[in-house]
Undergrad: 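I'd like to ask some things about the structure below.
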Amino acid sequence: MREAISAFSEFVRQAKGFSVNTLAAYRNDLNPFVDFLESRDGNAAADHGTIVSFMSHLREREYAASTIARRMAAVKSFFHYLQEQGAISDDPTRALRTPKVGKYVPKSISKEEIDLLLQQPKCSNAMGMRDRAMLELIYATGMRVTELVSLDVSDIDFASSEATCFGRGARKRIIPASRSSMAALEMYVHKGRPHLLRSSAPTEALFLNHHGVRLTRQCFWLIIKGYAEKAGIESAITPHVLRHSFATHRLRDGQDLKSVQELLGHASISTTQIYAEAVR
């Protein structure tokens, strides 16, 4: 696939006279698609369904609508080229519409719904303690779900009530956590996590599944979905909705935009600006 991208770049350079910067932009938009394919065990077919999944993948990671539209335009051009060259018989992007670039309004839920959700896990067993700690922490810090499940025990500083995580581009940030989230974490670490540990699979991972290994982001999505249904919350709730709710609630409570940007780990304050527009 990467060789085909190189051939495509050379083709558009000669046929359309694109500049070096434009060609680099094409490659930068196509390479994440190849990375996505390879991340799916390297066996994913580049069909319509996989391309739709790639678009969802970009949305889940909170890429701007303009970025998603640009990347999909590059993918469509690439597959059109492959079909013209006879490398593929059918263009899987033919029926795919490039997403419109409009004003994105992040979805959030109310503080009352947050409280209702946090009440659902019962701390009578290790799984309940874990789930309560995860829900408390993701809402208290605004972490991305990947950052949350990537935490190690050593990333939590109980003395200072802070969590250290690594965001995009391996950018490190230290986030203050609420008293309730730290209390839930302390209960889980001391009373719940030891029951999930397995001698056959020693790990430093903070949040473990029933096999004693690091919980996946997919599992956490299912956990949230289950508790939301149990709580009778009609709004669709995902880890991103909790992150959006964190940002929206902080701004409504009077926290300044720059501080929220730093907490969320946004490289540009323009990304955080969408939350300010949402609370007006």
Side-chain angles (χ1 to χ4, degrees), residues 32 35-44 50 53-54 56-62 117-118 120-159 161-175 177-178 180-230 237-243 246 265:
D35 293 339
F36 176 75
L37 291 178
E38 293 176 348
S39 71
R40 294 160 69 92
D41 300 324
N43 297 317
T50 302
S53 294
F54 175 61
S56 299
H57 166 83
L58 295 176
R59 292 191 188 98
E60 288 168 4
R61 279 153 182 75
E62 300 177 346
L117 182 68
L118 295 180
Q120 298 311 306
K122 305 307 177 186
C123 296
S124 56
N125 56 53
M127 296 290 196
M129 293 179 201
R130 179 202 65 194
D131 296 348
R132 171 71 66 83
M134 294 187 80
L135 289 172
E136 288 271 8
L137 187 62
I138 196 171
Y139 174 66
T141 61
M143 285 186 189
R144 300 177 178 92
V145 61
T146 302
E147 296 168 344
L148 181 76
V149 299
S150 297
L151 290 172
D152 289 338
V153 175
S154 58
D155 292 325
I156 304 299
D157 188 334
F158 289 104
S161 296
E162 294 174 330
T164 299
C165 70
F166 293 86
R168 291 179 184 156
R171 289 193 297 268
K172 175 182 176 180
R173 68 186 192 280
I174 300 174
I175 313 174
S178 64
S180 61
S181 65
M182 294 306 291
L185 272 171
E186 195 160 13
M187 175 184 287
Y188 163 67
V189 168
H190 292 115
K191 297 182 179 180
R193 187 174 178 274
H195 291 285
L196 297 176
L197 282 170
R198 301 289 181 267
S199 58
S200 59
T203 178
E204 290 300 312
L206 177 58
F207 297 114
L208 308 176
N209 64 17
H210 63 283
H211 294 299
V213 298
R214 190 181 298 276
L215 192 80
T216 65
R217 56 192 300 276
Q218 291 84 0
C219 285
F220 186 53
W221 275 60
L222 293 175
I223 287 170
I224 288 181
K225 182 179 179 181
Y227 285 127
E229 291 177 352
K230 187 177 180 181
I237 300 182
T238 69
H240 294 291
V241 169
L242 297 184
R243 176 171 160 87
F246 160 85

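Note that the coordinates shown come from a computational prediction; the quantities given were computed from them, not determined experimentally.
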Undergrad: Please find the pair of heavy atoms, one from Ala177 and one from Met182, that lie closest to each other, and give the distance.
TA: CB-SD, 3.6 Å
Undergrad: Which atom names give the shortest non-hydrogen contact between Arg130 and Asn209, and what distance separates them?
TA: NH1-CA, 3.7 Å
Undergrad: Can you name the residues that form a side-chain hydrogen bond (donor to acceptor under 3.5 Å, both in side chains) with Thr146, not counting sequence neighbours?
TA: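 Residues passing side-chain hydrogen bond (donor to acceptor under 3.5 Å, both in side chains) with Thr146: Arg217.
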Undergrad: Do Thr238 and Trp221 have side chains that get closer than 4.5 Å, going by heavy atoms?
TA: yes
Undergrad: Heavy atoms only: give me the nearest Gly212-Thr203 pair and the separation to one decimal.
TA: O-CG2, 3.5 Å
Undergrad: Rounded to the nearest 0.5 Å, what separation is found between the CG atom of Leu135 and the CG atom of Leu117?
TA: 5.0 Å
Undergrad: Is there a donor-acceptor pair closer than 3.5 Å between any side-chain N or O of Arg132 and the backbone N or O of Pro121?
TA: yes
Undergrad: Going by side-chain hydrogen bond (donor to acceptor under 3.5 Å, both in side chains), name the residues that satisfy it together with Glu136, two or more places apart in sequence or in a different chain.
TA: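 Listed in chain order: Ser180.
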Undergrad: Measure the spacing between CG of Leu58 and OG of Ser53 and express it to the nearest 0.5 Å.
TA: 11.0 Å
Undergrad: Side-chain contact, heavy-atom cut-off 4.5 Å: Tyr227 with Ile237?
TA: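 Not touching, per the 4.5 Å side-chain cut-off.
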Undergrad: Compare all side-chain heavy atoms of Pro239 with those of Leu148 and state whether any distance is below 4.5 angstrom.
TA: no
Undergrad: Quick check: do Ile156 and Val189 have side-chain heavy atoms less than 4.5 Å from each other?
TA: no
Undergrad: Show your reasoning for whether side chain to side chain contact (heavy atoms under 4.5 Å, CB included) applies to Ile224 and Val241.
TA: CA-CA 11 Å; Ile224 288 181; Val241 169; over 6 Å; no
Undergrad: What residue pairs, at least two apart or across chains, pass salt bridge (Lys or Arg N to Asp or Glu O under 4.0 Å) with a residue in residues 147-156?
TA: Arg144-Glu147, Glu147-Arg173, Asp152-Arg214
Undergrad: Heavy-atom count check: over 12 atoms from other residues, nucleotides or ligands less than 6.0 Å from Gln218 CD?
TA: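 Counting other residues, nucleotides and ligands, CD of Gln218 exceeds 12 neighbours.
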Undergrad: Any side-chain heavy-atom pair from Phe220 and Ile138 closer than 4.5 angstrom?
TA: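 Phe220 reaches Ile138 side chain to side chain.
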Undergrad: Find out whether Lys172 and Thr164 are in side-chain contact, i.e. whether some heavy atom of one side chain is under 4.5 Å from a heavy atom of the other.
TA: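 Yes - at least one pair of side-chain heavy atoms lies under 4.5 Å apart.
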Undergrad: Kindly state each residue pair satisfying salt bridge (Lys or Arg N to Asp or Glu O under 4.0 Å) with at least one member in residues 182-198, sequence neighbours excluded.
TA: none
Undergrad: Which residues pass the side-chain hydrogen bond (donor to acceptor under 3.5 Å, both in side chains) test with Tyr188, sequence neighbours left out?
TA: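 side-chain hydrogen bond (donor to acceptor under 3.5 Å, both in side chains) check on Tyr188 returns nothing, list empty.
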Undergrad: Excluding sequence neighbours, so at least two apart, what forms side-chain hydrogen bond (donor to acceptor under 3.5 Å, both in side chains) with Arg243?
TA: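 Testing Arg243 for side-chain hydrogen bond (donor to acceptor under 3.5 Å, both in side chains), a comparison that skips the adjacent residues, returns Glu62, His266.
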Undergrad: Is there a side-chain contact between Ser150 and Phe166 in this structure, where contact means two heavy atoms from C-beta onward sitting under 4.5 Å apart?
TA: no
Undergrad: Quick one: closest heavy-atom pair of Ala140 and Ser181, and the distance?
TA: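 Taking Ala140 first and Ser181 second, the nearest heavy atoms are CB-OG, 3.7 Å.
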Undergrad: Rounded at 0.5 Å granularity, tell me how far OG1 in Thr141 sits from CD1 in Ile175.
TA: 5.0 Å
Undergrad: Inspect the surroundings of NZ in Lys225 and state if more than 12 heavy atoms from other residues, nucleotides or ligands are less than 6.0 Å away.
TA: no
Undergrad: When the ring planes of Phe36 and His57 are compared, do they come out parallel, tilted or perpendicular, using 30° and 60° as the limits?
TA: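 Ring orientation of Phe36 relative to His57: tilted.
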Undergrad: State, yes or no, whether a side-chain contact exists between Ile223 and Leu215 at a heavy-atom distance under 4.5 Å.
TA: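 With C-beta onward as the side chain, the pair touches.
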